[in-house]
Amino acid sequence: MSKRVAVLISGRGSNLGSLIDAADDSYKIIHVISNIADAGGLERAAAAGIATSVIPHAGKSRGVFDAEVDAALRGANAEIVVLAGFMRILSDGFVRGWEGRLINIHPSLLPAYKGIKVHERVIAAKETTSGASVHFVVPELDAGPVIAQASVPVHPADTPDDLAARVLEIEHQIYPEAVKLLAKGKVNLCNGLAAFSP
Ligand code: GRF
């Protein structure tokens, strides 16, 4: 049976688009939640016939916001929660409540370059390789066990936008593959590690 996947976004939602396009009988996107009312990804979801909610974060404590998101996810009977350009840090309580069922994509080869302004920092450090990582979400930011990773070259003349575009292409490949692994039970969070089975 297809796993019920909810996707949390804050922006254009190109990863959401790749997840919509790649869905097979292992997972079904049943709900998209954005904290930003005009996030482009909401239109992409609606065009695909997926239910959407906007849950603004402004003026709320983290605990109140996270509780609202949690209630929406549980109300939608989500089984897996996928963060796709969701620009809010989730509280430890929220993360623990979805442990092993909550994943994120980050535009670096984790554990290198956690946090923001990744491409700027990669270029400033004159790295020759960068990439993207899908990981289980744990309370510590960008520190969860990696499920899937792919690399791209960094060229000497790259601007951060050039590199972001090259990394985004591989994000669109590895994120659906990682969601399928999780949906099929082929990867699990086990004692703080990503455990793979055939
Ligand atoms: C991606 O680069 C992702 O790695 C990061 O935020 C960006 C989201 O892009 N977490 P999009 O909204 O999926 O197009």
Side-chain angles (χ1 to χ4, degrees), residues 5-23 27 29 31-48 50 52-57 66 69 80-90 94-95 98 101-124 127 129-155 158-182 194:
V5 170
V7 183
L8 271 51
I9 63 167
S10 299
R12 70 192 157 186
S14 72
N15 277 290
L16 168 66
S18 73
L19 292 165
I20 291 171
D21 291 343
Y27 74 89
I29 301 177
H31 206 101
V32 171
I33 299 173
S34 174
N35 62 313
I36 304 290
D38 62 356
L42 289 170
E43 283 174 28
R44 181 75 179 79
I50 299 167
T52 62
S53 305
V54 174
I55 303 180
H57 64 274
D66 288 4
V69 174
I80 292 172
V81 179
V82 171
L83 308 182
F86 183 65
M87 300 305 288
R88 303 294 303 167
I89 292 173
L90 294 161
F94 180 98
V95 170
W98 290 95
R101 300 181 295 150
L102 176 62
I103 64 175
N104 182 43
I105 192 159
H106 183 76
S108 78
L109 291 174
L110 289 174
Y113 298 99
K114 297 173 182 170
I116 59 170
K117 300 219 176 281
V118 169
H119 306 302
E120 285 86 339
R121 288 187 284 135
V122 165
I123 289 169
E127 301 283 2
T129 306
S130 191
S133 308
V134 180
H135 63 94
F136 284 110
V137 177
V138 300
E140 191 188 337
L141 187 68
D142 297 331
V146 169
I147 298 171
Q149 242 171 4
S151 60
V152 297
V154 183
H155 301 313
D158 274 347
T159 65
D161 285 350
D162 295 335
L163 182 55
R166 197 173 306 124
V167 169
L168 200 60
E169 275 183 41
I170 57 161
E171 291 185 32
H172 295 163
Q173 293 166 25
I174 65 172
Y175 216 179
E177 292 312 317
V179 172
K180 287 175 190 177
L181 285 180
L182 186 60

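In each ligand, atom 1 is the first atom listed, and ligand 1 is the first ligand listed.
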Inset, instruction - Output yes when the distance from some N or O of ligand 1 to some N or O of G13 is under 3.5 Å, and no in every other case. - result: yes
Legend entry - Protein heavy atom at shortest distance from atom 9 (O) of ligand 1: R12 NH2, 3.2 Å
Inset, instruction - For the pair R88 and D66, find out whether any cationic side-chain nitrogen is under 4.0 Å from an anionic carboxylate oxygen. - result: no
Inset, instruction - With sequence neighbours left out, write down each residue that passes side-chain contact (heavy atoms from CB on, under 4.5 Å) with T52, or none if nothing qualifies. - result: V32, L42, A45
Legend entry - Interfacing atoms of ligand 1 (cut-off 4.0 Å, heavy-atom, P107): 4 (O)
Legend entry - Donor on one side chain, acceptor on other, S18 and D21, under 3.5 Å: no
Inset, instruction - Name the closest protein heavy atom to atom 6 (O) of ligand 1, giving the residue it belongs to and the distance to 0.1 Å. - result: G85 CA, 3.6 Å
Inset, instruction - Sequence neighbours left out, what passes side-chain hydrogen bond (donor to acceptor under 3.5 Å, both in side chains) with H119? Give chain and number order. - result: none
Inset, instruction - Would you mind checking which non-hydrogen protein atom is closest to atom 10 (N) of ligand 1, with the distance to 0.1 Å? - result: I105 O, 3.1 Å
Legend entry - Sub-4.5 Å side-chain heavy-atom contact between V134 and N104: no
Legend entry - Any N or O of L16 closer than 3.5 Å to N or O of ligand 1: no
Inset, instruction - Among all protein heavy atoms, pick the one closest to atom 13 (O) of ligand 1 and tell me residue, atom and distance. - result: N15 N, 2.8 Å
Inset, instruction - For atom 3 (C) of ligand 1, grab the closest protein heavy atom and report residue, atom and distance to one decimal in Å. - result: E171 OE1, 3.2 Å
Inset, instruction - Please answer whether the main-chain N or O of V118 pairs with a side-chain N or O of H106 as donor and acceptor at a distance below 3.5 Å. - result: no
